[in-house]
Amino acid sequence: MTENRDDLISAGATWDDVVGGAVRRPDSAGYDDERVGFQLVAAHRPAVVVAARNSDDIRAAVRFAAAEGVPVAVQATGHGLATPLDGTGVLISTRRMTAVTVNAAERTAWVEAGARWRDVIDAAGPHGLAPLSGSLPGVGAVSYTLGGGVGLMARRYGFAADHVRRIDLVTADGRLRRVTATGDPDLFWALRGGGGNFGVVTGMEIDLVPVDRIHGGGLFFDLARTPELAAEWYRWTASLPEEMTSAVSMLPFPDLPGIPEPLRGRHVGQIQIAFLGSAKDGDELVAPLRALGPVFDGLQEIPYAESAVVFNEPDQPHAYQGENLLLRDVEPTGLPALTTLSAPTNPTMCVVGLRHLGGALSRPPAVPNSVGHRAAGYLLGVLSPTTPNQVDAVRAMHATALEPWSAHAVGRSLNFTFGAVDQDTVRAAFAPQDYRRITEIKAALDPQLLFRPNFLIPPSADS
């Protein structure tokens, strides 16, 4: 940022003076386009949007917001929006900052703040490399990684946060910091797992892995014919190699054109497979699942660039709510109730999912970070499409569904929490000693709570 911008801030200039043509207000053209993200149950309504083009714009916005005493939120894609600004504050939109630079020799990528996983996948693919991306390539790479990141290769390589080398961050004092394990170890520890609580990330350097193809896709079952699918999948996961990452989802499929005939209008169980090995070895591993009689088999060797087919999630903006528990283990006697919850007869649609964790996810990374609860063996998630006036009823339904599993829970994953979160939920994402440490770092860097991330870490463990 130029000294002229600093001088303007101290002289009491306007947003337009400091940030230039990148400012949008409620009466500006393009304001709604900038503030609305993927999550449509709510949207930011800030006093000002800064459509950042580079780190200088971000520095100027943070410094000016601090001088004005107004809160700051950041949005790239808006998939995880939980606590929107309403009538005040500044929203920094990073959607224009999408550059990705690959260093094939070092197997790394520099990823700007607004890049989606699709941008990183496409840049890495020609080099025979892949990022530790998630199930939906349209999600923002930075926010996903700051929250931990449980991806398609997670059991083999661990959390995406475990493979970050450097983060460039604008803190509340307006400084652009280069944060590394050696240069700022406490902040580096906190950022990887602590989300956007400590500043605005302008970019990060991440590891890439030597993967260009996976044996992946979905096996789809009619749950009327295979009601024990979730229990069968759970038993199958007991002795898998780390190269196999999998999940099971249960949901009602609509009777609509474009959906394969065997699935239309049915209560479907979908087993999602991502295997880092040969098609022959992958087929041998999934043979017990195929023996259960899928009505549609989409499992095949695919380029990693096509990995979105593994979970086949909706890629268009919509309104939804979701909650989760990290489980030590699965209690098979509770699975029939989850299957029933996901049935078409439920008055509110509910997608129930279980992800197999363990493997590399259970081991500490080479450079420690704040990602919590590595002892969890499975993640149980519930998600429902909704409308704003249905949110309370949907959240109550989710709480009722998860309550019987609380005895098996070790905590929560904030990356799989879709909706407003309270402090108990945030606390449950970390080990107690880590929660205290991370609040101390928050207090040192942002005692005035300038930054309003999707989940807020307070500046005191007693808050």
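Throughout, residue positions are numbered sequentially from 1 according to the sequence presented.
If you take CG on Asp186 and CG on Leu445, they are separated by 9.5 Å, rounding to the nearest 0.5 Å. Note: Arg45 CZ to Tyr31 OH = 7.0 Å, rounded to the nearest 0.5 Å. In this structure, the separation between CE on Met204 and CZ on Arg166 is 12.5 Å, given to the nearest 0.5 Å. Taking NE2 of His79 as the start and CZ of Phe418 as the end, the distance is 9.0 Å to the nearest 0.5 Å. Remark: Ser55 OG to Leu176 CG distance equals 5.0 Å, nearest 0.5 Å. The structure places OG1 of Thr245 at 10.5 Å from OH of Tyr157, a figure rounded to the nearest 0.5 Å.
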side-chain contact (heavy atoms from CB on, under 4.5 Å) evaluation trace for Val426 with Ile457: CA-CA 7 Å; Val426 176; Ile457 292 172; 4.2 Å; yes
Audit row: Thr83, Phe455, side-chain contact (heavy atoms from CB on, under 4.5 Å) steps and yes/no: CA-CA 8 Å; Thr83 52; Phe455 57 91; over 6 Å; no
Salt bridge (charged side-chain N to carboxylate O under 4.0 Å, His left out) evaluation trace for Asp16 with Arg25: CA-CA 10 Å; Asp16 298 279; Arg25 292 182 175 81; 2.8 Å; yes
Chi angles and distances behind the salt bridge (charged side-chain N to carboxylate O under 4.0 Å, His left out) call for Arg436, Asp462: CA-CA 9 Å; Arg436 181 165 295 279; Asp462 299 323; 3.8 Å; yes
Full working for side-chain contact (heavy atoms from CB on, under 4.5 Å) between Phe64 and Val50: CA-CA 11 Å; Phe64 199 48; Val50 171; over 6 Å; no
Audit row: Asp57, Arg96, salt bridge (charged side-chain N to carboxylate O under 4.0 Å, His left out) steps and yes/no: CA-CA 12 Å; Asp57 285 348; Arg96 289 165 179 77; over 6 Å; no
Pair Phe451-Asn197, side-chain contact (heavy atoms from CB on, under 4.5 Å): steps then yes or no: CA-CA 6 Å; Phe451 300 112; Asn197 277 277; over 6 Å; no
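When side chains are defined from C-beta on, Val100 does not count as touching Trp110, because their heavy atoms never get closer than 4.5 Å. Residues Ile92 and Gln75 fail the side-chain proximity criterion, which asks for heavy atoms closer than 4.5 Å. Here the side chains of Trp15 and Val90 are in contact, with some heavy-atom distance below 4.5 Å. Between Tyr304 and Leu152, some side-chain heavy-atom pair lies under the 4.5 Å cut-off. Side-chain contact between Leu380 and Phe416 is absent, with no heavy atoms from C-beta onward closer than 4.5 Å. Using a 4.5 Å heavy-atom threshold, the side chains of Phe275 and Leu299 count as separate.
In this structure, Phe430 has its ring center no closer than 6.0 Å to that of His373.
Around the CZ atom of Arg177, the shell of radius 6.0 Å holds more than 12 heavy atoms that belong to other residues, nucleotides or ligands. Counting heavy-atom neighbours within 6.0 Å of Gln433 CD, excluding the residue itself, gives a total above 12. Counting non-hydrogen atoms of neighbouring residues, nucleotides and ligands closer than 6.0 angstrom, the CZ atom of Arg165 exceeds 12 such neighbours.
Contact record, Ser384 with His398: OG-NE2, 2.9 Å, taken as the closest heavy-atom pair. Between Ile273 and Met244, the shortest heavy-atom distance links the atoms CG2-SD, 3.7 Å. Heavy-atom minimum distance, Tyr320 versus Gln39: O-NE2, 2.8 Å. Taking each heavy atom of Val394 and Thr348 in turn, the nearest pair found is CG2-CG2, 3.9 Å. Nearest heavy-atom pair across Ala141 and Val120 is CB-CG2, 4.3 Å. Residues Trp233 and Arg355 approach most closely at CH2-C, 4.1 Å, considering heavy atoms.
Although no hydrogens or angles enter the test, the distance criterion places no donor-acceptor pair under 3.5 Å between the side chain of His163 and the main chain of Pro365. Under a 3.5 Å cut-off, the side chain of Trp117 and the backbone N or O of Gly138 do not form any donor-acceptor pair. Here the side chain of Asn346 pairs a donor or acceptor atom with the backbone of Leu341 at under 3.5 angstrom.
Looking at Thr386 and Gln321, their side chains never bring a donor and an acceptor atom within 3.5 Å of each other. Between the side chains of Ser133 and Tyr144, no donor-acceptor pair is found at a separation under 3.5 Å. Residues Thr171 and Asp173 bring a donor and an acceptor atom of their side chains to less than 3.5 Å of each other.
Salt bridge present: Asp162 and Arg374 bring a charged side-chain N and a carboxylate O closer than 4.0 Å.
The cationic group of Arg192 lies under 6.0 Å from the six-membered ring centre of Phe188 and within 45° of the ring axis, placing it in a cation-pi geometry.
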